[in-house]
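Single-structure report; data block below.
Atoms within each ligand, like the ligands themselves, are counted from 1 in listed order. Quick caveat, the model's predicted, so the values are computed rather than measured.
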Amino acid sequence: MQTVETNIKDVVQQKWAKRPLIISGPCSAETEEQVLATAQRLAATGKVDLLRAGIWKPRTRPGSFEGIGAKGLPWLQQARKLTGLPTMVEVATGKQVEDALTFDVDLLWIGARTTVNPFSVQDVADALRGVDVPVLIKNPINPDLELWTGAVERVAKAGIKQIGLIHRGFSSYGNTDYRNAPMWHLAIEMKRRSPEMMIINDPSHICGRRDILLDVAQKAIDLDFDGLMIESHIDPDNAWSDAKQQVTPERLAEMLDSITWRKEDVPSESFHMALDKLREQINHVDDELMQLLGQRMKVAEQIGEYKKKNNVTILQTNRWNQILERAFSRGDKLGLSRDFVTKYLDAVHMESINRQNKIMND
Ligand code: PEP
Ligand code: MN
């Protein structure tokens, strides 16, 4: 007969390969009762694979709740025993790694405020040497893929074989709809760089509020993420940290039920044929767009020659406003958003300016 311990280690391996992988639990472990009740209610939904809880909370400002500390680890150990759910904790120092492993924590994650700091990541990595534990690495708070990649490399160099990524969005100054802007293109680029590495989406820390969790979770699934990490609490409004973004275990289950789960592919010939045809059309249109962009740049270069001869500046604000206005009104009719038209024209305009600049200064 297997012991509880080897049994849970087998479960961890099964979960690592399971898609979608669902991780949930409170932002922070607060009391023994809260941890046990959350774990039991999550387990009762039958929809959660791994139990998360913050034990040490890196807060941006001092004074808010900074985590219950190592005394919360036995509560998690108890929750694991009661429910059979493998546990997962955030670690930011080598000492925290040791403490977590002493209490049988099954998986570790490195938080966004730690991934930004190579000293801290190295300290964690050094403590991981010779240890066999899966580690998930959140993106750094700032949109820097090299830092994220660097953290993965440090952990991999320590000998950790099972490494995954968590996309939790990026901090930006000023008010946006999100607590941390998702900047999906960065997560997609990370997936492109490491296609074999699992990438989980964390709607809770992207949204910072409950009402848009489902939209972000659905988007992540549409983008072929491997799973979700969503914070849950038995009494979300009174949570000691991240109260606005947590949901009850039952609400979590409802949300998971209303997601349309998608696969990267299906083995249907007619689907593939239809897709191939449409992709052919896209290739065609892209080729034409390239041709046109090439022509546009040639005209811009001619304008550059004239400006040079007449000693006129490259940028005339009026003209640029005119281009934008024309494009907006055409875009509106074609269903192209102003945000997209602006980004597209900014890129085209910068390329024109660079070319004219080259002509002016040659
Ligand atoms: C957390 O998961 O509770 C947390 C602190 O997240 P992040 O590192 O993404 O801010
Ligand atoms: Mn949190």
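Ranking protein heavy atoms by distance to atom 6 (O) of ligand 1, first place goes to K138 NZ, 2.9 Å. Shortest contact from atom 3 (O) of ligand 1 to any protein heavy atom: K57 NZ, 2.8 Å. Taking atom 4 (C) of ligand 1 as the reference point, the nearest protein heavy-atom neighbour is H205 NE2, 3.5 Å. For atom 8 (O) of ligand 1, the nearest non-hydrogen atom of the protein is A112 N, 2.9 Å.
Between R168 and ligand 1, a contact under 3.5 Å exists for at least one N or O pair. Geometrically, ligand 1 and D242 share no nitrogen or oxygen pair separated by less than 3.5 Å. Residue M229 places no N or O, backbone or side chain, under 3.5 Å from any N or O of ligand 1. Polar contact check, E90 against ligand 1: no nitrogen or oxygen pair lies under 3.5 Å apart.
Against a heavy-atom cut-off of under 4.0 Å, G111 is close to the following atoms of ligand 1: 8 (O). Per-residue contacts place R52 under 4.0 angstrom from the following atoms of ligand 1 (heavy atoms of the residue considered): 1 (C), 2 (O), 3 (O). Close contacts of ligand 1 with E231, meaning ligand atoms under 4.0 Å from a residue heavy atom, involve 1 (C), 3 (O). Every atom of ligand 1 is numbered from 1 in the order shown, and the set under 4.0 Å from a heavy atom of C27 is 3 (O).
Taking 4.0 Å as the cut-off between side-chain N and carboxylate O, K57 and D242 do not count as a salt-bridged pair. Look at K277 and E280 and you find no salt bridge, because none of the NZ, NE, NH1 or NH2 atoms lies under 4.0 Å from a carboxylate O. Of the charged side-chain nitrogens involved, at least one lies within less than 4.0 Å of a carboxylate oxygen, so that D224 and K191 count as a salt-bridged pair. A salt bridge links R210 to D237: at least one charged side-chain nitrogen sits closer than 4.0 Å to a carboxylate oxygen. Comment: D362 does not engage K308 in a salt bridge, judged by the lack of any side-chain N to carboxylate O separation of less than 4.0 angstrom. Comment: E196 does not engage K161 in a salt bridge, judged by the lack of any side-chain N to carboxylate O separation of less than 4.0 angstrom. At a threshold of 4.0 Å, the pair R192-E189 counts as salt-bridged, since one of the basic side-chain nitrogens sits closer than that to a carboxylate oxygen.
Around the Mn ion (ligand 2), protein N, O or S atoms at less than 2.8 Å number 4.
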side-chain contact (heavy atoms from CB on, under 4.5 Å) between T87 and D104: does it pass, once the steps are laid out? CA-CA 8 Å; T87 55; D104 301 327; over 6 Å; no
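Around CD1 of I282, the count of heavy atoms belonging to other residues, nucleotides or ligands within 6.0 Å does not exceed 12. Annotation: R326, atom CZ; neighbour count of heavy atoms from other residues, nucleotides and ligands within 6.0 Å does not exceed 12.
Under the 4.5 Å side-chain heavy-atom criterion for grouping Ile, Leu, Val, Met, Phe, Trp and Tyr, F119 is not connected to V135 through any hydrophobic cluster. In the hydrophobic clustering of this structure, L108 does not group with M198; members are Ile, Leu, Val, Met, Phe, Trp, Tyr whose side-chain heavy atoms approach within less than 4.5 Å, directly or through other members.
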